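For clarity, every value in this text was computed on a predicted model and none was experimentally measured. Numbered from 1 within each chain, the chains take letters A, B, ... in sequence-line order.
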Amino acid sequence: MSNKNGALLDIRNLSVEFETAGGTLRAVDGVSLSVDAREVLAIVGESGSGKSVSMLAVMGLLPWTAKVKADAMLFQGRDIMNLSPAERRKIVGKDIAMIFQEPIASLNPCFTVGFQIDETLKMHTNLTSRQRRDRTVELFEAVGLPNAADRLSAYPHQMSGGQCQRVMIAMAIACDPKLLIADEPTTALDVTIQKQILDLLVSIQVEKDMGMIMITHDMGVVAETADRVIVQYKGKKMEEADVLSLFEKPQHPYTKALLSALPENATGDRLPTVSDFVFDEAPQTGARP
Amino acid sequence: MLRFFLSRLALLIPTFIGVSIVAFAFIRLLPGDPIMLLAGERGMSEERYQQLQSLYGFDQPLFVQYFHYMTDLLQGDFGTSIVTKRPVLQEFLTLFPATLELSLSAIILAIAIGVPVGVIAAVKRGSWLDQTVMGAALVGYSMPIFWWGLLLIILFSGILGWTPVSGRISLLYFFPPVTGFMLIDSLLSGQPGAFKSAVSHLILPTIVLATIPLAVIARQTRSAMLEVLGEDYVRTARSKGLPPRRVIGLHALRNALIPVVTTIGLQVGVLLAGAILTETIFSWPGIGKWMVDSVFKRDYAVVQGGLLLIAAIIMIVNLIVDVLYGLINPRIRH
Amino acid sequence: MTSTNTKDPNAAVGLEGGTVIAVSRRARLAEFWYYFSQNRGAVIGLYVFIAIVLIAIFAPVLAPHSPTMQNRGFFLLPPVWEEGGNWSFILGTDAVGRDVLSRLIYGARFSLFIGVVVVSVAVSVGILIGLIAGYFRGAVDTVIMRVMDIILAFPSLLLALVLVAILGPGLVNAMIAIALVQQPHYVRLTRAAVMSEKGRDYVTAARVAGAGNIRLMFKTILPNCTAPLIVQAALSFSAAILDAAALGFLGMGAQPPTPEWGTMLAEAREFILRAWWVVTFPGLAILITVLAINLMGDGLRDALDPKLKRS
Ligand SMILES: Nc1ncnc2c1ncn2[C@@H]1O[C@H](COP(=O)(O)OP(=O)(O)OP(=O)(O)O)[C@@H](O)[C@H]1O
Ligand SMILES: [Mg+2]
């Protein structure tokens, strides 16, 4: 399934290194992945396994201390690695959009949410200000924010975390992106809100025919949303499979560990944790078609 | 917003009363007889002494004296200069525009250079540009400005002969003050060359007075920007495909300005302290020089009144800065 | 020694308390020095400052002439490298024929003395008042903080100027005035630190163990809020030197013929367009001293307050 021609996003052999005071840190190590249009790919892995960093590399959002290397990074067949910054900005935010883990911190506290969405539209479309306003109201309604017209002039601190994440989603889908990257979109939210946001993301993905990359720790989220899963550990890709086969026959011990950490799989009176399992770090290559 | 303003105003009242007590106590703490000090007369008849004593009310208990002092203040009576025999408030009001003009041009210069320089240093942190700029800022921050002024005079007035040494405008020009701002008045006067003369008189004092605020603002802007550039919302702005100019100049700077505005507010005291030195060096006829001269002439009525008026100005400016802070920080406004 | 202790935990536990503390103090000092020495400017500042201290101490040995001796026939002599300069007066002479270099060397004594006295007075008074305000809160606190607000409502130099007008011009009075104007900063810092430390567990523990108010304030709480105070002390050391020089320049500080740098500038002012050296060097001395201390202050802040550390 991967490396198929005509994939929406096709990353080959991506590595990211950070120059730190303590030497070079390899946060992502030779990861290849691809997403098709209309497909949902989940990336799972424990904290620090380089999930965010690899996606930030795609977006070109890493700080200057990061060195990004890849054999190719094709978006709609075009290598976005070698684009000039200005050309890349035409794609980022328009055709590829990203939402982040901390919705409240991700919105600028000094500007109204309406302004922050309007700015995206202004950047990437030729709509008039009237049309942009209508579009923003439409987007707010699409992400389930009632009284959309009034909310345009609200500041982020006047909204809850869930509402802020809806605003972030509205902002991300403002220009009808082909690919939406969601980096743990529900981790910082209340359990009750998490489900709503996930449902919203899935329904938008279906409705808009987007490809989506969903980063998460949560196998439950994977089961609910994803078509295909990549398991990442310490910057390396451990396993890649479609959801059903992954849940039925996890190949890599680390994946097994993640799965058994699901509450449904709890045995006895204690949840197993990943560290209960001992495994070698070699990726299970070629185990899947 | 109005409530915010009023609550801040209410907080100032006890401070103002305290400041008035300080000014009130000043004349009584001075060694020597307060009547002699206030009247500035050497050797007077017993009769005249009694007359003055009841005029100033020194024969009454302290709290009654203070009460009279306060009622006078509230009616705009800040005392009378011993030397010129003019009301202190009137002298203050004629001289204050000169200080205001100088301070405003200094703070505008400091902001206009300090903020962009701080932003650039933060964006290029660690570069030679950053190091040079921050080194220069530290030198500026450590500068004895009275010496700096003299150096500039040596260079620009002495060696190059570009700028005049003192005053607000060349003696060739004379016109009645309209706004009190020499730059504006010289334009209004329509006399050819007057404006140019006013500008050339203003340049050096402005640079001298702006030096320390400029250094402080540049340093503060840099550190605020460094903090803000790591925030999630800056990453969001970049993820929208906005050009760096907009990400830094709008999204980051807008947030970084919040602490910078506080810093700018704190510079008012620095400016007025600096005005004392700058005006002395350049013979600038403002309230700083007025205060120094009065201390030397032992015109204690002026010192007393000026002390109070200057403290009042600082408090008012701080109030304005507080309100501005509320305006640019939505989290306070709502 | 240190390494054996860390290798063998029993040894450390078994050691007497004093030794353990000494070791940890040495470790802390080493850590402090590591961070401080990371800052190149701070290290340079430190060296310059040490040099100035040495100059001040050995002034009588270093100075080629007496700072107050008036050399007839050598009025306003330019520095050696200028035409008409003379090797016995390297930086030239002033209007009454005194050697500028010697006066500058002796001036270092005054500036450092001013800094030390002002900071000690301001720190001790400020800490005491701040401790009282932060520890007892209530009406005491309100009154103290109001008074500090009032002091801070005046521009510091103006207040110092007026205080000197009351006390009479002179170096000692100038120092008193500057110390008075500076101590609100220490009061505020100490009070804030005390208030945040007071609720901590270790203070409660000490209180439960029966520590009295005074002991709590000075032995338990104060040592834990020294970092911001030290940084502030460095800042106000340089501010004191600047303010004293400014007062001297205005004729309200040290009085002639004291070779205080600000006073020297005041005396030199009328020769500004004729003899640049009498104006340039004293100010340069002030700038270098203040700059060195401020460089050190920045390094201290980086080393002592990790929260303020910027990448
Ligand atoms: N700016 C940076 N500088 C240095 N190292 C970094 C930087 N950003 C990330 N890293 C390092 O890269 C590694 C991968 O981080 P990343 O944020 O991708 O983890 P993650 O898988 O997203 O974890 P989480 O689930 O907690 O979000 C971590 O070890 C992290 O410390
Ligand atoms: Mg992450």
Side-chain angles (χ1 to χ4, degrees), chain B residues 11 14-19 21-22 26 29-31 125-126 131 134-135 138-139 141-148 150-151 153-154 157-159 165 222-223 226-227 230 268-277 280-281 288 291-292 295-296 298 300 303-304 306-307 310-312 314-315 318, chain C residues 40-41 45 142 146-147 149-169 238-239 241-243 245-246 248-252 261-262 265-266 268-269 272-274 276 279-280 282-295 297-298 308 310-311:
Chain B
L11 267 180
T15 315
F16 183 78
I17 292 176
V19 167
I21 293 176
V22 171
F26 162 71
L29 286 175
L30 283 168
R125 71 159 167 284
Q131 290 179 1
M134 284 304 113
L138 197 67
V139 172
Y141 178 68
S142 311
M143 187 65 83
I145 61 166
F146 43 96
W147 172 68
W148 178 225
L150 296 179
L151 272 196
I153 291 178
I154 292 180
S157 310
I159 300 177
V165 179
R222 176 180 181 270
S223 75
L226 281 183
E227 195 143 293
V268 180
V270 176
L271 276 179
L272 285 177
I276 294 174
L277 295 166
T280 304
I281 298 168
M291 289 299 281
V292 174
V295 167
F296 273 99
R298 303 182 187 279
Y300 292 116
V303 177
Q304 185 185 32
L307 204 55
I310 290 174
I314 293 188
M315 288 193 293
N318 284 340
Chain C
R40 202 155 33 102
T142 313
R146 283 295 94 159
V147 174
D149 279 353
I150 292 164
I151 297 180
L152 290 173
F154 297 99
S156 57
L157 187 64
L158 179 64
L159 195 57
L161 187 71
V162 169
L163 283 171
V164 175
I166 295 176
L167 301 168
S238 57
I241 292 178
L242 273 180
D243 278 0
F249 179 73
L250 291 173
M252 283 291 175
W261 294 335
L265 270 175
R269 236 187 102 187
I272 162 175
L273 293 181
R274 270 202 282 151
W276 58 268
V279 175
T280 308
L284 203 57
I286 301 173
L287 175 62
I288 290 173
T289 311
V290 171
L291 186 58
I293 296 168
N294 283 343
L295 279 169
D298 274 7
L308 288 173
R310 309 259 183 267
S311 58

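To the nearest 0.5 Å, atoms CZ (B/F296) and CE (B/M291) are separated by 13.0 Å. Note: B/N318 CG to B/L11 CG = 12.0 Å, rounded to the nearest 0.5 Å. Rounding to the nearest 0.5 Å gives a distance of 10.0 Å between CG of C/L284 and CH2 of C/W261. For the atom pair B/W148 CH2 and C/I286 CD1, the distance stands at 14.5 Å (nearest 0.5 Å). One distance of note links CZ of C/F249 with CD1 of B/I281; it measures 4.5 Å at 0.5 Å rounding.
Contact annotation for B/V19: both backbone and side-chain heavy atoms come within less than 4.5 Å of a heavy atom of chain C. Of the atoms belonging to B/V139, heavy atoms from both backbone and side chain fall under 4.5 Å from chain C. Looking at B/I159, neither its backbone nor its side chain comes within 4.5 Å of chain C, counting heavy atoms on both sides. Both the backbone and the side chain of C/T280 come within less than 4.5 Å of a heavy atom in chain B. Interface remark: C/I151 contributes no atoms to any contact with chain B (heavy atom separation under 4.5 Å). Only the side chain of B/I314 comes within contact range of chain C, judged by heavy atoms closer than 4.5 Å. Of the atoms belonging to B/L307, heavy atoms from both backbone and side chain fall under 4.5 Å from chain C. Of the atoms belonging to C/D298, it is side-chain heavy atoms, and not backbone ones, that fall under 4.5 Å from chain B. Proximity to chain B (any heavy atom under 4.5 Å) is shown, for C/R274, by neither the backbone nor the side chain. For C/L158, the parts sitting under 4.5 Å from any heavy atom of chain B are the backbone and the side chain alike.
Among the candidates B/L138, B/V270, B/V295, B/L29, the residue making the largest number of heavy-atom pairs closer than 4.5 Å to chain C is B/L138. With chain B as the partner, the residue from C/L242, C/L273, C/T289 showing the most heavy-atom pairs under 4.5 Å is C/L242. The residue among B/V303, B/L272, B/L150 with the most heavy atom pairs within less than 4.5 Å of chain C is B/L150. If you tally non-hydrogen atom pairs under 4.5 Å between each of B/A311, B/P144, B/G269 and chain C, the highest count goes to B/P144. Considering only heavy-atom pairs separated by less than 4.5 Å from chain B, the leading option among C/L152, C/L295, C/I166 is C/I166. With respect to chain B, the highest number of heavy-atom pairs below 4.5 Å among C/A245, C/G262, C/S238, C/G168 belongs to C/A245. Per-residue heavy-atom pair counts under 4.5 Å with chain B were compared for C/V147, C/L157, C/L161, and the maximum is reached by C/L157. In terms of heavy-atom pairs under 4.5 Å with chain C, the best-connected choice from B/I153, B/L151, B/V268, B/L277 is B/L277.
Legend: residues meeting side-chain contact (heavy atoms from CB on, under 4.5 Å) with C/L167, ordered by chain and number and at least two apart, are C/N173, C/I176. In this view, C/R146 and C/D149 satisfy the salt bridge (charged side-chain N to carboxylate O under 4.0 Å, His left out) rule, not counting sequence neighbours.
For the pair C/L287 and B/S142, the tightest heavy-atom approach, listed with the atom from each and the gap, is CD1-O, 3.6 Å. Closest heavy-atom contact between C/A165 and B/Y300: O-OH, 4.5 Å.
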Might you work through the side chain to side chain contact (heavy atoms under 4.5 Å, CB included) test for C/L250 and C/V164, ending with a clear yes or no? CA-CA 11 Å; C/L250 291 173; C/V164 175; over 6 Å; no
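Of the possible donor and acceptor atoms, one in the side chain of B/W147 sits under 3.5 Å from a partner among the backbone N and O of C/V279.
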